[in-house]
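Shown next, in C-alpha cells, is the structure this report addresses.
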Amino acid sequence: MHNVIETATRFRNQHGSVESSATNDLINAYQRIVNRLEDKITVLMSRIEVLEAQGNLTPEAVRKQAVWSSLLNQIEDEIKRYGGFVDTQNQLSANKALDLAGKHSGLLTRTYFENNPTLLQAFNTTWDRLPNESVEKLLGFLQADSQLSINLNQALGFNAAQNFQNKLLEGIALGYNPKKINSLINQTLAEPLTWSMNTISTTTQYAYRESARANYVNNSEIIGGWKWYAALDGRVCLSCVSKHGQSFTNEQRLNDHHRGRCTQIPLIDKPERFGLQSPEIETGEAWFNRLPTNQKIERMGEARYRAWLAGEFKFNELSEAYQNDTFGEML
C-alpha cells in the first residue's frame with residue numbers, strides 16, 4: 001500500500017477519536033436530562049395505567065392530566081438548553097477537525113517526498129497552510145447565524161416536545177397498552193440524542209474534509225486533485241463503495257452522506273515532473289466484484305443484485321445525490 005494511503009487511514013482514525021469524544025459528552029449530558037424527566041414520566045405512566053383499567057385510555061383523557069402539560073413543558077425547556085450545549089460542542093468539535101485537517105493535509109502531501117531530501121525541503125518551504133479562521137469563514141454551517149445553529153438553539157426543544165406529544169397520543173389512539181406506550185416514550189425521548197449525535201458527526205466530518213480540500217486548493221501548484229477513499233469494511237454503504245477510487249478536482253467536494261467516513265487522498269499535480277507516480281487505488285466496483293457471492297447479496301440485497309447482474313443498472317448508479325438544508329448536495 002502506498003504510504004500516503006496508509007497515512008490517510010491512520011489520520012482518519014485519529015479524526016474519528018474527536019467525534020467519539022464529542023458524542024460521549026452528548027450521551028452523558030442527555031442521560032442527565034432523562035433522569036430529571038423520570039419522576040414525571042413515572043407519574044404519567046401510573047395515570048395511563050389507571051385510565052386503561054377504567055376503560056378510559058383516550059388521547060383526550062391523557063391531555064386532561066396535569067402531569068401531561070407539565071411534562072411537555074419540561075421536555076421543551078430541558079432540550080432547548082441541551083440544544084445550546086450541542087451547538088457549543090458542535091463548534092468545538094468542528095474547530096478541532098479544522099485544525100487536524102490543516103495539519104493532516106500538509107503531512108499527507110509530505111509523504112510523497114519523504115524519500116527525496118531535496119524535494120522534501122522544497123515542499124516544506126512551499127506548502128502554505130491556511131489559518132483555521134479562514135477555512136471557518138468558508139463553511140456556512142459553522143457560522144453563529146447558520147440554520148443549523150438556529151435549529152439547535154431554538155427549534156430542537158419545541159420540536160422534541162411536539163414529537164413526543166404527537167407520537168404518544170397517536171399510540172394511545174391506536175390502542176397501545178401501557179407497556180408499549182412506555183416503550184414508545186423511551187424511543188421518542190431518544191430521538192433528540194440520536195439527531196444531535198448525527199449532527200455533530202456529520203459536521204465534524206464535513207469540516208475536516210472541507211478544511212483539507214481548502215488547503216489543497218491553496219496549494220494547487222502542488223496538489224492537482226484528490227481520490228475518494230472509502231472505509232471498505234462491514235459498515236460501508238454502496239454509495240461510498242461506488243465512489244471509492246474515483247478521481248476529482250480540487251474544486252469538487254467529497255459530498256458524503258450523514259456520518260460518512262470517507263476521506264480524500266491528495267494527488268500531486270503532474271507527478272512525473274518529480275519522478276513520482278499517483279497511488280493506485282482499486283475502484284470500489286472492482287473491490288465489490290472480488291467479494292464472495294453471498295457477501296455481494298448481503299450488501300446489495302438479492303433482488304437488486306440480480307438486477308445488477310442482468311444489466312438493469314450500472315454500479316455507479318448506486319450513488320444518488322440529494323439536497324440537505326445544512327450541507328448542500330449529499331450522496
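The salt bridge (charged side-chain N to carboxylate O under 4.0 Å, His left out) test applied to Lys167 returns Glu191, not counting sequence neighbours. Remark: Arg129 pairs with Asp99, Lys103, Trp127, Asn132, Asn215 by the side chain to side chain contact (heavy atoms under 4.5 Å, CB included) rule, at least two apart or across chains. Legend: residues meeting side-chain hydrogen bond (donor to acceptor under 3.5 Å, both in side chains) with Gln246, ordered by chain and number and at least two apart, are absent.
Put simply, the side chain of Asn90 reaches to within 4.5 Å of the side chain of Leu148, judged on heavy atoms. Taking the side chain as every heavy atom from C-beta outward, Leu267 and Lys227 approach each other to under 4.5 Å. His257 is listed as a side-chain neighbour of Cys240, based on a closest heavy-atom distance under 4.5 Å. Within the 4.5 Å cutoff, the side chain of Met197 has no heavy atoms near those of the Thr194 side chain. The closest side-chain heavy-atom distance from Trp228 to Ile281 is not below 4.5 Å. Taking the side chain as every heavy atom from C-beta outward, Phe327 and Asn255 never approach each other to under 4.5 Å. Glu136 places a side-chain heavy atom less than 4.5 Å from the side chain of Gln91. In this structure the side chain of Phe113 reaches within 4.5 angstrom of the side chain of Ile268, judged on heavy atoms.
Using a 30° and 60° split on the angle between ring planes, His104 and Phe11 fall in the parallel class, below 30°. Taking the six-membered ring where tryptophan is involved, the planes of Phe248 and Trp226 are essentially parallel, since the angle between them stays under 30° and well short of 60°.
Without hydrogens or angle criteria, Tyr112 side chain to Pro266 main chain gives a donor-acceptor distance under 3.5 Å. Here the side chain of Asn163 pairs no donor or acceptor atom with the backbone of Asn159 at under 3.5 angstrom. At least one donor-acceptor pair closer than 3.5 Å links the side chain of Tyr30 to the backbone N or O of Leu189. Here the side chain of Asp87 pairs no donor or acceptor atom with the backbone of Gly83 at under 3.5 angstrom. Side-chain atoms of Asn218 come within 3.5 Å of backbone N or O of Asp128 as a donor-acceptor pair. Side-chain N or O atoms of Gln295 include none that pairs as donor or acceptor with a backbone N or O of Pro292 at under 3.5 Å.
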Validation: residues 40-50 side-chain donor-acceptor distances under 3.5 Å, sequence neighbours left out:
| residue | atom | partner | partner atom | Å |
| --- | --- | --- | --- | --- |
| Lys40 | NZ | Gln74 | OE1 | 2.8 |
| Thr42 | OG1 | Glu38 | O | 2.9 |
| Ser46 | OG | Val43 | O | 2.6 |

Counting only pairs under 3.5 Å, give me each side-chain donor-acceptor contact of residues 168-187, with atom names and distances, residues two or more places apart or in other chains.
| residue | atom | partner | partner atom | Å |
| --- | --- | --- | --- | --- |
| Asn177 | OD1 | Lys179 | N | 3.2 |
| Asn177 | OD1 | Lys180 | N | 2.8 |
| Asn186 | ND2 | Asn182 | O | 3.4 |

Could you pull out all donor-acceptor pairs under 3.5 Å where a side-chain atom in residues 15-25 meets a protein atom, sequence neighbours excluded?
| residue | atom | partner | partner atom | Å |
| --- | --- | --- | --- | --- |
| His15 | NE2 | Thr204 | O | 3.4 |
| Ser17 | OG | Gln14 | O | 2.5 |
| Glu19 | OE1 | Ser201 | OG | 3.4 |
| Glu19 | OE1 | Gln205 | NE2 | 3.1 |
| Glu19 | OE2 | Ser201 | OG | 2.8 |
| Ser20 | OG | Gly16 | O | 3.1 |
| Thr23 | OG1 | Glu19 | O | 3.1 |
| Thr23 | OG1 | Ser20 | O | 3.0 |
| Asn24 | ND2 | Ser20 | O | 3.2 |
| Asp25 | OD2 | Gln89 | NE2 | 3.3 |

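In the hydrophobic cluster analysis, where Ile, Leu, Val, Met, Phe, Trp and Tyr join through side-chain heavy atoms closer than 4.5 angstrom, Val135 is grouped apart from Leu92. Both Leu37 and Val62 are members of a single hydrophobic cluster when ILVMFWY side chains are connected at heavy-atom separations under 4.5 Å. With hydrophobic clusters built from ILVMFWY side chains whose heavy atoms lie under 4.5 angstrom apart, Trp195 does not share a cluster with Tyr322. In the hydrophobic clustering of this structure, Leu152 groups with Ile27; members are Ile, Leu, Val, Met, Phe, Trp, Tyr whose side-chain heavy atoms approach within less than 4.5 Å, directly or through other members. By the rule that hydrophobic residues join a cluster once side-chain heavy atoms approach within less than 4.5 Å of another member, Val236 and Ile297 end up as members of one cluster.
Heavy-atom minimum distance, Tyr216 versus Ser105: CE2-CB, 3.6 Å. Here the closest heavy-atom approach between residue Cys262 and residue Arg12 is recorded as CA-NH1, 4.3 Å. Of all the heavy atoms in Ala61 and Asn56, the pair that sits closest is CB-O, 3.3 Å. Ser196 and Tyr82 get closest at one heavy-atom pair: OG-OH, 2.6 Å. Nearest heavy atoms, Ile265 versus Ala8: CD1-CB, 3.4 Å. Between Leu331 and Ser239, the shortest heavy-atom distance links the atoms CB-OG, 3.9 Å.
Ile223 pairs with exactly one of Asn250, Leu108, Asp269 by the side-chain contact (heavy atoms from CB on, under 4.5 Å) rule, that one being Asn250. When each of Leu254, Leu100, Leu98 is tested with Tyr208 by the rule side-chain contact (heavy atoms from CB on, under 4.5 Å), just one qualifies, namely Leu100.
The number of heavy atoms from other shown groups lying within 6.0 Å of CG (Asn35) is above 12. Taking a 6.0 Å sphere around CZ of Phe158, one finds it holds 12 or fewer heavy atoms contributed by other residues, nucleotides or ligands. The local environment of NZ in Lys296 is crowded, with over 12 non-hydrogen atoms from other residues, nucleotides or ligands closer than 6.0 Å. Summarising the local packing, CD of Glu320 is surrounded by 12 or fewer heavy atoms from other residues, nucleotides or ligands at distances under 6.0 Å. For Asp325, the CG atom counts as loosely surrounded, since its 6.0 Å shell holds 12 or fewer non-hydrogen atoms of other residues, nucleotides or ligands. Atom CZ of Arg273 has more than 12 neighbouring heavy atoms from other residues, nucleotides or ligands inside a 6.0 Å radius. Around atom CD of Gln121, no more than 12 heavy atoms belonging to other residues, nucleotides or ligands sit under 6.0 Å away.
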**Message:** Set out, in order, the CA-CA distance, both residues' side-chain angles and the distance that settles side chain to side chain contact (heavy atoms under 4.5 Å, CB included) for His244 and Tyr229, then state yes or no.
**Reply:** CA-CA 5 Å; His244 178 78; Tyr229 198 76; 3.4 Å; yes
**Message:** Leu71 vs Phe164, test: side chain to side chain contact (heavy atoms under 4.5 Å, CB included). Steps then yes/no.
**Reply:** CA-CA 10 Å; Leu71 177 58; Phe164 179 88; 3.8 Å; yes
**Message:** The test is side chain to side chain contact (heavy atoms under 4.5 Å, CB included); show your working for Leu318 and Val241 and say whether it passes.
**Reply:** CA-CA 9 Å; Leu318 289 167; Val241 172; over 6 Å; no
**Prompt:** Do Arg253 and Glu210 pass the side chain to side chain contact (heavy atoms under 4.5 Å, CB included) test, and can you show the C-alpha distance, the side-chain angles, and the key distance before you say yes or no?
**Reply:** CA-CA 7 Å; Arg253 293 190 309 135; Glu210 283 298 275; 3.4 Å; yes
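For the atom pair CD (Gln162) and CD1 (Ile75), the distance works out to 11.0 Å, reported to the nearest 0.5 Å. Taking NE2 of His258 as the reference point, atom OG1 of Thr203 lies at 8.0 Å (rounded to 0.5 Å). Considering CZ of Arg32 and CD of Glu78, their distance stands at 11.0 Å, rounded to 0.5 Å.
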